Structure formats: C-alpha cells, structure tokens
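Keep in mind the model is a prediction, meaning the values are calculated, not measured. A, B, ... follow the sequence lines: proteins, then strands. Residue 1 opens every chain.
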Amino acid sequence: MRFRPHSRALIGAIAVAMTMALVGCGAGSRTGAQTATEVQCDFENPAEPTTINVLAYNSSAVDPFTNTMVKSCTKENVTVKHDPIDFAGQVQKTTATLAGDKGTYDIIETYGFIIGPNAAAQKLQPLDDLYAKYSAEYGLDQIDESMRKGMSYEGKLYGLPMQAQMFVMAYRKDVFDKHGLSAPKTFEELRAAGKKIQDAGDMKYPIALPYLATGDIATHYQATLNSLGSDYVDPKTKEPQLDTPTSKQAFEEMKSLLPYMDPQVTTFDQPKVQQQLFNGTAAIAVMFSGRMNDLTQEQNSKYFDKFAFAAPPAVESGGPLYSRLSIDGWSLPANTDKSPDLLFELIASSVSEEASKASIPAAFPARKGMMTEASSPYAAAAMESIEGTTPPESYPYTPDVSNAVISLIAQTVLGKLSIDEGTAQMQAAAEKVMAKY
Amino acid sequence: MRKREFALLVAPSMIVMLGLLVIPLYRTMVWSFQQVEYGSPGEFIGLENYTAALTDPRFHRAVLFTIGLTLIVTAALVVLGYIIATLINQLGRWRPVVLGIMLVSYVLPNVVGAAAFSWLFDTNFGGVANYLISSLTGAEILWFTDVWPNRIMIILDTVWHLLPFAMLIILAGLQGVPNEILEAAKIDGVSSLKSHLYVIIPTIRGVLFFVTLISIMDVLRTFDQLIPLAPQAVEIGNESIMLYIYNIAFREGSEQLGLGSAISVLTILLILTMLFPFIRDTFRESKVAR
C-alpha cells in the first residue's frame, strides 16, 4: 500500500499525538487489588461463571476494603470486578443503577446520607436475615452497634458498615509552636490562631476548609448547625429550620473564617485542601478523617512529619464539636439478580477482622476496638471527634433538602445574598421539598 | 449497485442511527412533556417543563453564556486556525512532528486536558500562568471565582482544545488551492496579504464554512471542561446549557429528567437556528454545483 505525501504526514502526525497521549494517560494507572490483604472468603461456588460488579469510589480509606474483596473473593467461578471511580462518579452511578428493574452493579458502596431515601424507595435489600445467618462466621457482632444504626432505616439494616469518617483537625505543629499556639477548641480560638499566623506573615491564608460550592459547603454548613445544636429539619415536626436565629448564626460563624482562607475557597474540595497542606500554604484544616493518612506520607509532602491532629473545635465553647460523622458500608441493590447469600459473603469478608485490621491507619474501621490511640497519629483525635459529634440518623428527605439549598448556602457564604435573604430562600426551598414527605 | 447490495451496505449504519439517534430523540421529545424520575414511567404535564425552562433566569444566563462563548471561540478558531495552517503549510520535513505535537490537545479527552489546563492557573498545583501574570502585573487574579477571568480561562481552554481540528481542516483546504492561481497573483504583483484576502480565502470558502459549522456545533455543546475549569459555574453565571441540563436532570438530586429533556429540545432548536445560514448556503452551493 502506498500513501500520498499528505497522507503520510497526517498519519505520522496522528501517530506522534497518540503516542504522547498514551504515555501521558498510562502514567497514572494503578492496580491496588494486587497488593491488598487476602482474607477468608468462603462462598458456595456458583454452577456457572459469575461476575460480580462492585461500585465503590477510590480513596485511601475505602480502597483497602474494596481491594481485599476483589483479591480474596475472585476465585473458582466468581470474578469480582471493580473499576476505579471518583466520589462524584459513584453518586451518579448509584442513582442510575438503582433506578430500573435491572442495574449494572451487584454491590454498592453506600453511606448513611443515602440509606434513608433508597431504603424508603425499596431500592436496597434489607440485610438483617443475612447478617444473623453469617454473623458468627465473620464475627459481625463485633461491628459497632451505633455504626449499624447509622446504616439502618426504620429499624432495618440496609448497609454493612465498613468504616466511619468524622471531621478531624490537622495543623502544623511547627508553626503552632513557633507562635505559642495550641490546638483551637472553639471557633474563636480558631480565628485567633489564623489571625496570629497571618499577621506574622508566615502564611497568607492559614485556615483551609473544603467549602466547594457544589458539594462540601453543605456538609460544613450542616456541621456548623449541628455544633450549634440544630439541623436542616426538625425530625419530630418535619419543619425546616433554616431561617432561624441559629441558622443565621451558623452563617455568621462560617463567614467569620473567610478572611483567613483562600479567596477561592468555594472551589476547594478535600483533595485541594490536602494540597494546600502538602504545599505548606495553610496551617490548619478540618476534613474527614479518611484524608488524614495522606498527610503523614513522606512521598506526598516535605511537611509530612510536621502535622499534628486534634478533634475539631466546637463553634461555641461547651457545645458539640464542629463535625459530621459519615459511616461507609456495603449495600446490595434490590435489582441485582445474583444470589444474596453469595453477595453477602463477599461484603462480610471485606469487613472481617483481618481486613479491618489491614485498613488501619488509612481507615477508621467499624469494628469495635480496632482503632486505639496508638493506631495512627490521628487516631486519638478521631476517637475524640466521634465522641463529641451529633450521632447520624438517616432520613429520606435529607439529600433532597441538601440539594435544594446547596447553591443558596454558597451564595450566602459568598455574600451574593445577605444572610436574611439567603436563609429566607433556603427555608422556602426546603419547605417545598418537605411538602413531598 | 443493485438495490439489495445497497440495502445490505446501508442497513448497519441505519440500525446504529436508529438506536443511537432516532430513539433517544423520540424519547427526549416525549419526556419533555412529562414529569419523569429514574426508573418510573412519566406523567404527562403538558407544556409545564417548557414554561419552567423559559421562565428560569438561570436558563437565560446559560443561553447567553453559551452563545457568547460560541461566537468568540468560533471566530478565534477560524482566524487562528487559518494563520497556523498557513504557517504549517510552509514547513518541510518537520510538518508531521509539528502537527503531531499540536494534535495532542485534541486527542486528549476533554476533561483530562481541561484539568491539566486549569492547573496552569491554580496556585495549588503549580499555577505557572498564574505565577507569571502575578510576577509581571503584581495582581492576584481569581481565575475560578471571578466572572470574567473565569470566562477568559474557559475561552482559552476551548480554543486550545479545538484549534488543532480547525487548523487541520484548513490545512487540507490550503493544500487544495491550485498553484497556478497563486503564481498568477504573484506575477500580477499582488501582495501577500491581498493574496490571502482575495485569492486563497475565497477559494477555500467552503472549507472555512465547514470549520465554522463544526465549531459552532462543538462549542454549543460545551460541557465536560467546565467541571474542572468552573467549579463555581452556577454561582457566577458561567454555566453552559449542557451543564445546566446535567445539573438539573442528574446532579442536583431532584432528577428532573422531564425538565432536562425540554431544555434539550430547546437547545436543538437553538443549534438549528445558529446553523441555519450555513446549512442554507451549503444547499445553495450544492444546487449551483449540479
């Protein structure tokens, strides 16, 4: 075959472009399952080759459980398949796979926030019978009762807890020591610490919180509300409480931190806040505990040995901590055609004692007594945080209310809406949502 | 070619088009008159979705932003594409290498390229462009939260991503310009600029129309690059129509597939309106050619 000169030039150009693109794409590939812990996974071998599709986002806290399941349970006629995905992708795919009569996934990673609505819509299988059947074999009675409650709806278990995440405060010990500061216990102390570091010229924006306008900001507003003793909706009356004096105070408190944070903070998710700490451009951050282990890794930052950890501050002295507790677990979609027993044995093995031990220090396992103060540099802080946090309860309306008000929260924090306007609009939006419940 | 052979050869593509184009289009039209949630049959609500879309200020902002972006980017693509294609056309043996390097931005998945592009302006990830601008001007530009800096960044990224395609097509057009015409212009003493304006550009007018047509269609569908480039798109009015559809139909939890479908139908009408002059001219030219 002969090519004309123009064609040869074009083919050459495309070859160069493809090579460069492929080299670039290949640089980030990972195969975590190969190095995962192998645990007991004894299921009744299905008669036909069976592929189990698992949906779970990648993070240093969830990966150990997912990878253990893939490595330990891919045998005989069973292949466990998990493709890398980020959290936003998981949220989309969860909605899609649970929608129809038949879904794409057989096992999905869930968390307390979404258990309520999906359980109420009968999109998840209740796990109580399977839990009782396999409890002894996999030691499931050692899973903390409050964690199981967090993954339950109307008294039924819909998610087998694997690990919990709670807010933890990370701070630069060297910077704090230099200025004679100790870990802030209240927002007032947090502001004072931020001001001292900023005034000294050490860092322009010493405080880092993930205030991403399309996601994390709602979690942090709810944490502020919780620390002031309130929430989106009163669970007894089902009345939204977003235009109350407490809600307005929550916004005042959130806005009071802005002078010490990057002016683009409403575009920062947790990885970006981590990056601020890695780079040494921030000295204090409050994030979910699953992000803390990364800070202690030498390959991530030259400051890896300078970080200290503490429970997050309370908004007001003596109040609950500024924290949220999120429990992650495994759920079985109602629309999977695979054997529930087979699927349950897979998820039970991934949260077994051995698997949970192996997940430390990246995760805070749901099993009792796994995490001790010596388990990781931030274990004591995480345990104190969990003690001082409002216990999570799953309600079917929480995600809808949160989605309805998130943009208004961002606009109020940014000052595009006054606090009075913002809270009034939030209340109206939430009341519209609650009319459905 | 016999009728049977013709049918056999055409059938696979017709089946694919029916499955991927006609059925989804039909479903979108039907849903646009319904209230639809995932996994449940829709409920007919007449024109409510259209009324909701047309009276939503956020939709108006998305339309204005998308049209503005389309006009600016398309103009930049045609002008820069022509200039770069002209320069590359004069290269010798290095042409494949230069073309190959230029094509990287087009071959990369849009969202990957946009994420890397956003790091140029993000101090957290190096922010080379940000650093240079700050060093030269002393200004701290908020690329992700201020309206116009964010728009400029989106325009630059979209041009960077689509320019290789425009340049490649125009380059093919330039290589089709007969040497005789160029030499005749040279002999007549026509300057280089006039040669481009009055000889080359009229000759490749059809190619430039094609590039404009494709660019308009591409930019009107701007979506994935806004995820890394405009995390605050909704709050600062830099939400494209496609991102708006995605946000209300999938992302914001309320799963308003009916409303999303109605906006999709309106978007199809908008695209057809913007392309109408080019489609009409193409028809006229093909008539003349016959």
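Applying the 6.0 Å contact sphere to CD of A/Gln198 captures more than 12 heavy atoms from other residues, nucleotides or ligands. Within a 6.0 Å sphere centred on OH of B/Tyr26, heavy atoms belonging to other residues, nucleotides or ligands number 12 at most. Within 6.0 Å of atom NZ in A/Lys255, more than 12 heavy atoms from other residues, nucleotides or ligands are found, so the atom counts as buried in its surroundings. Counted within 6.0 Å of CH2 on B/Trp160, heavy atoms from surrounding residues, nucleotides or ligands total more than 12; the atom is thus considered enclosed. Environment of CG in A/Asp101: sparse, with no more than 12 heavy atoms of neighbouring residues, nucleotides or ligands closer than 6.0 Å. The local environment of CD in B/Glu43 is sparse, with at most 12 non-hydrogen atoms from other residues, nucleotides or ligands closer than 6.0 Å.
Contacts of A/Lys204 with chain B are made by side-chain atoms alone, with heavy-atom separations under 4.5 Å and no backbone atom involved. Proximity to chain B (any heavy atom under 4.5 Å) is restricted, for A/Leu414, to the side chain, taken from C-beta onward. B/Asp146 does not touch chain A: none of its heavy atoms, backbone or side chain, sits under 4.5 Å away.
Taking 4.5 Å as the heavy-atom cut-off, the residues of residues 263-274 of chain A that approach chain B are A/Pro263, A/Gln264, A/Thr266, A/Thr267, A/Phe268, A/Lys272, ordered by number.
Applying the side chain to side chain contact (heavy atoms under 4.5 Å, CB included) rule to B/Ile227 yields the partners B/Leu243, B/Arg251; only residues at least two apart in sequence or on another chain are considered.
Rounding to the nearest 0.5 angstrom, the gap separating the CG atom in B/Leu142 from the CG atom in A/Asp262 is 8.0 Å.
When all heavy atoms of A/Asn279 and B/Asn124 are compared, the pair lying nearest together is ND2-O, 2.7 Å.
When A/Gly215, A/Ala99, A/Ala410 are compared by the number of non-hydrogen pairs under 4.5 Å with chain B, A/Ala99 comes out ahead.
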